[in-house]
Amino acid sequence: MDKKKVIAPLVCHGHSRPVVDLFYSPVTPDGFFLVSASKDSTPMLRNGETGDWIGTFQGHKGAVWSCCLDKHALRAASASADFSAKLWDALSGDELHSFEHKHIVRACAFSEDTQLLLTGGMEKMLRIFDLNRLDAPPREIEKSPGCVRTIAWLHSDQTILGSCTDMGGVRLWDVRTGTIVRTLETESSVTSAEVSQDGRYITTCDGTSVKFWDANHFGLVKQYDMPCIVESASLEPKYGNKFIAGGEDMWVHVFDFHTGEEVGCNKGHHGPVHCVRFSPGGESYASGSEDGTVRIWQTGRLNNTEEEAPITNARLQNIKDVADHVTQQIEKVHIGEQGGTEVNDKPASLKETGAD
């Protein structure tokens, strides 16, 4: 069997309790960002590329179960066990508004146009808040048959998908009518549901299974059995040729999307993995765990370290050749009497040395 590439992650400390949700913003003029939700009640914002801490949103009085950023990364939202969902200024960290609920809020999501905020939780109710009228009462759509676990928008904010903590299946609501129009059947409760960046697939986790559904016709495209109970999965956004999954075995597994073959396994967490997400460009992915850390793993273009070594050696030799050439040219330089610089021989171009 091929030797798997060993990847050293960026380890992001700061949370004092388990990390239960992660969300990447799209790429913005200022880069992309990562927000994490934790049972310690304080969502954290980080640079999505480096993992550097930017700020902490303080104000919740209970565990935060879900978090998200709008597409411009200017506002954040969080859903909490303190019976509220909060809207935050992602630049200053200020609380912009608190949307009160009657029970624990488990999930929240910005609409694609950033004008609406969707929430769901233990009330078995989906609410849509108008962010242009923060004090206006929310629109309530047909009740979920169970306590809401995950929610997401799709079809340009015309459809909502949601799963429940106490029953299987993913339900689809028509936003215009506010009614459930379809159910994607699963055997176990769906703990993670992600709409792919290109809008083609819905990725779900239920028990030891990861499923990929056609987001337009809702047929089951692929289904793979996992080595353990997995809580979260994410599809690589750029090429769609691999996916990641994490769960109770504390590892982050990497699989080939087309075959289901495991092509990588990242170890480092000291507790079950609750959430995994690819960055918007697919160059890295993040995992959040019961151990309270967020780890950012580089994707890497190759799986096999033996394939990568010759390229690395060639590049190093090329750099050495260029350095030797430059040194030789410097040795030929001497300072003239008038203080000018004279070169004995005209130096060859870098192309002549074999450098690009």
Atom of [X], atom of [Y] and distance for their closest heavy-atom approach:
X      : Y      : answer
Ile296 : Leu34  : CD1-CD2, 4.3 Å
Cys108 : Ala79  : SG-N, 3.9 Å
Asp214 : Asn216 : OD1-N, 2.8 Å
Arg106 : Val148 : CB-O, 3.3 Å
His274 : Val20  : CB-CA, 4.1 Å
Ser25  : Thr28  : OG-CG2, 4.5 Å

Salt bridge present between [X] and [Y] (N-O < 4.0 angstrom):
X      : Y      : value
Glu123 : Lys143 : no
Arg127 : Glu140 : yes
Arg75  : Asp70  : yes
Arg149 : Glu231 : yes

Do [X] and [Y] have side-chain N/O donor and acceptor atoms under 3.5 Å apart?
X      : Y      : result
Lys211 : Ser209 : yes
Thr159 : Trp173 : no
Glu100 : Ser98  : yes
Ser284 : Thr299 : no
Ser156 : Trp153 : no

Nearest-0.5 Å distance that lies between atom [atom1] in [X] and atom [atom2] in [Y]:
X      : Y      : atom1 : atom2 : answer
Ile151 : Arg171 : CD1   : CZ    : 14.5 Å
Glu262 : Asp256 : CD    : CG    : 11.5 Å
Arg277 : Glu194 : CZ    : CD    : 4.5 Å
Ser84  : His97  : OG    : NE2   : 10.5 Å

Indicate if [X] and [Y] have the same hydrophobic cluster label, given that clusters are the connected sets of ILVMFWY residues with side-chain heavy-atom separations under 4.5 angstrom.
X      : Y      : result
Ile54  : Trp88  : yes
Met44  : Leu91  : no
Tyr201 : Val210 : yes
Leu87  : Leu69  : no
Leu126 : Leu117 : no

* Thr208 and Val230: CA distance, side-chain angles, deciding distance, side chain to side chain contact (heavy atoms under 4.5 Å, CB included) verdict -> CA-CA 6 Å; Thr208 59; Val230 292; over 6 Å; no

Side-chain heavy-atom pair [X], [Y] within 4.5 angstrom cut-off:
X      : Y      : result
Cys147 : Cys164 : no
Val276 : Leu22  : no
His269 : Thr293 : yes
Phe57  : Val35  : yes
Ile128 : Thr119 : no
Phe257 : Tyr239 : no
Ser144 : Met125 : no
Pro145 : Ile180 : yes

* Asked: Which residue, Ser38, Ser289, Ser36, forms the side chain to side chain contact (heavy atoms under 4.5 Å, CB included) with Val294?
  ->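 When Ser38, Ser289, Ser36 are each tested with Val294, the side chain to side chain contact (heavy atoms under 4.5 Å, CB included) holds only for Ser36.
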
* **Sequence-distant partners of Val181, side-chain contact (heavy atoms from CB on, under 4.5 Å), two or more places apart** =>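 Here the qualifying residues are Leu172, Asp174, Thr179.
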
* Asked: Does atom CD of Glu49 have more than 12 heavy-atom neighbours from other groups under 6.0 Å away?
  ->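 12 or below, so no.
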
* Asked: Run the ring-ring contact (aromatic ring centres under 6.0 Å, His included) check on Phe32 and His72 step by step: do they pass?
  -> CA-CA 9 Å; Phe32 60 94; His72 305 295; over 10 Å; no

* To do: Test Thr150 against Ser163 for side-chain hydrogen bond (donor to acceptor under 3.5 Å, both in side chains), laying out the working first.
  => CA-CA 5 Å; Thr150 66; Ser163 68; 2.6 Å; yes

* **Geometric cation-pi criterion, Lys86 with Phe99: 6.0 Å, 45°** =>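 Output no; distance or angle outside limits.
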
* Asked: side chain to side chain contact (heavy atoms under 4.5 Å, CB included) between Asp21 and Trp65: does it pass, once the steps are laid out?
  -> CA-CA 7 Å; Asp21 193 26; Trp65 288 104; over 6 Å; no

* **Steps toward side chain to side chain contact (heavy atoms under 4.5 Å, CB included) verdict (Val105, Phe83)** => CA-CA 6 Å; Val105 189; Phe83 295 16; 5.7 Å; no

* Check the pair Asp130, Gln115 against side-chain hydrogen bond (donor to acceptor under 3.5 Å, both in side chains), reporting the backbone distance first and the verdict last. => CA-CA 6 Å; Asp130 186 342; Gln115 303 302 306; over 6 Å; no

* Asked: Relative to the ring of Phe243, is the ring of Tyr224 parallel (under 30°), tilted (30 to 60°) or perpendicular (over 60°)?
  ->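 Parallel: the ring planes of Tyr224 and Phe243 meet at under 30°.
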
* Asked: Are the side chain of His155 and the backbone of Ala215 linked by a donor-acceptor contact shorter than 3.5 Å?
  ->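 Yes: the side chain of His155 pairs with the backbone of Ala215.
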
* Can the ring centres of Phe110 and Phe23 be said to be less than 6.0 Å apart? ->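 No, the ring of Phe110 stays outside the 6.0 Å limit from the ring of Phe23, centre to centre.
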
* Taking the six-membered ring for Trp, is the centroid-to-centroid distance between Trp213 and Phe218 below 6.0 Å? ->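 No, ring centres 6.0 Å or more apart.
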
* Take Phe33 and Tyr24, measure what side chain to side chain contact (heavy atoms under 4.5 Å, CB included) needs, and give me the verdict at the end. => CA-CA 6 Å; Phe33 301 90; Tyr24 275 105; over 6 Å; no

